[in-house]
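Not measured: the values here are computed from a predicted model. Here is the naming used below: chain letters follow the sequence lines, and residue numbers restart at 1 for every chain.
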Number of protein chains: 2
Amino acid sequence: MRFDPTDLRLFLAVADAGSITHGAADAGLSLPAASERLGDMELSGGVRLLDRGRRGVALTEAGEALAHHARLISRQMAMMRGELGEYATGLRSTLRVLANTAAMAELMPQRLAGWMGANPRVDLDLK
Amino acid sequence: MRFDPTDLRLFLAVADAGSITHGAADAGLSLPAASERLGDMELSGGVRLLDRGRRGVALTEAGEALAHHARLISRQMAMMRGELGEYATGLRSTLRVLANTAAMAELMPQRLAGWMGANPRVDLDLK
DNA sequence: TCCTTTTACGCCACACGTAATCATC
DNA sequence: GATGATTACGTGTGGCGTAAAAGGA
């Protein structure tokens, strides 16, 4: 049960998107990489997290529980990053992105995922 | 700023032990591996986390902040594992270890670290 | 027959440990 | 000199993407 931040981020993306295909894209992973990660999560936890169906996936009860905790942990990690950022000495840069709610939810993730992967030294602060 | 669970676990071990040498052992890592991880954490965060001194290390202000959040996140992750464990289908096993407080703090970490690394399918529940 | 997921496969990078070096008291 | 941290370096593997196969309504 590793559940590193990438696992949690991917799982939430898949939960939100309703399919591994779109969730993988939102998380900046290829579809097979995402499928493998999710499979490993289920295997290592000994529990099914997703019900695979024709039009994507749905969360099992355990999946819902995981999503709940994953959201809490993500929030906590964001707070950690934020507080740590206040001590930063300028090596790091933060880029604030402004967008309305619809654009944020529908367009930003897939647009930014790849870019963020290519620019790890820059934190994105979506407001 | 990756800060995966291993990073957090290591940092807390180092914070508790007061030296990278002993913290690395408690976290089940070699000293150089731990040193590199900590250095990368400081580099990627753009902030010093540890003051290196003659007899080990001390946390900077930023380090204290990180330790605080790391403890919260670790707790949250433990709760997540616990709840997920209730859904598990028997593939995984949990081993409960009983020890008094002093032994828990002083002896258990270094004894168990290696063993846990070699037995990833077993969760240790230290009570 | 599509749309989604899984499996196969080769590759590269990263994280590790051993060993050597540096620093500080 | 002893203790603790860092640097150097070679190695193995874990996670990735491309491509091909399988499954379901």
TODO: May I ask you to verify if any side-chain N or O of Arg52(B) is less than 4.0 angstrom from the OP1 or OP2 atom of dT6(D)?
DONE: yes

Task: Under 3.5 Å donor-acceptor, Ser19(B) side chain and Gly56(B) backbone - done: no

Open item on the list: Does anything in residues 30-38 of chain B come within less than 4.0 Å of DNA chain D? Heavy atoms only, and list the residues if so.
Closed with: Leu31(B), Pro32(B), Ser35(B)

Open item on the list: Can you measure Arg55(B) atom CZ to dT3(D) atom C1' for me and round it to whole angstrom units?
Closed with: 8 Å

TODO: Could you check Gly53(A) against Ile20(B) and say which one's nearest nucleotide on DNA chain D is further toward the 5' end?
DONE: Ile20(B)

Task: Closest non-hydrogen atom pair between Leu84(B) and Ala62(A), with its separation - done: CD1-O, 3.6 Å

Open item on the list: With a cut-off of less than 4.0 Å, is there a side-chain N or O of Thr21(B) near OP1 or OP2 of dA5(D)?
Closed with: yes

Open item on the list: Nearest whole Å is fine: how far is dT5(C) P from Asp40(A) CG?
Closed with: 16 Å

Task: Interatomic distance where CG belongs to Leu50(A) and P belongs to dG23(D) [whole Å] - done: 19 Å

Task: Flag if over 12 foreign heavy atoms under 6.0 Å of CZ, Arg75(A) - done: no

Task: side-chain contact (heavy atoms from CB on, under 4.5 Å) between Leu50(B) and Glu42(B), intermediate numbers included - done: CA-CA 9 Å; Leu50(B) 301 171; Glu42(B) 291 181 315; 4.1 Å; yes

Task: Between C1' of dG14(D) and CE of Met41(A), the distance in whole Å - done: 17 Å

Open item on the list: Is it true that, when you exclude Glu83(A) itself, more than 12 heavy atoms of the residues, nucleotides or ligands shown sit nearer than 6.0 Å to its CD?
Closed with: yes

- [ ] For residues Ala67(A) and Leu59(A), report the shortest heavy-atom separation together with the two atoms involved.
- [x] CB-CD1, 4.1 Å

- [ ] Using only side-chain N and O atoms of Arg2(A), determine if any of them is under 4.0 Å from OP1 or OP2 of dG15(D).
- [x] yes

Open item on the list: Distance check needed: dA5(D) P versus Asp51(B) CG, whole Å only.
Closed with: 13 Å

Task: Proximity to the side chain of Arg54(A) - top-ranked nucleotide from dG4(D), dC3(C), dT6(D) - done: dC3(C)

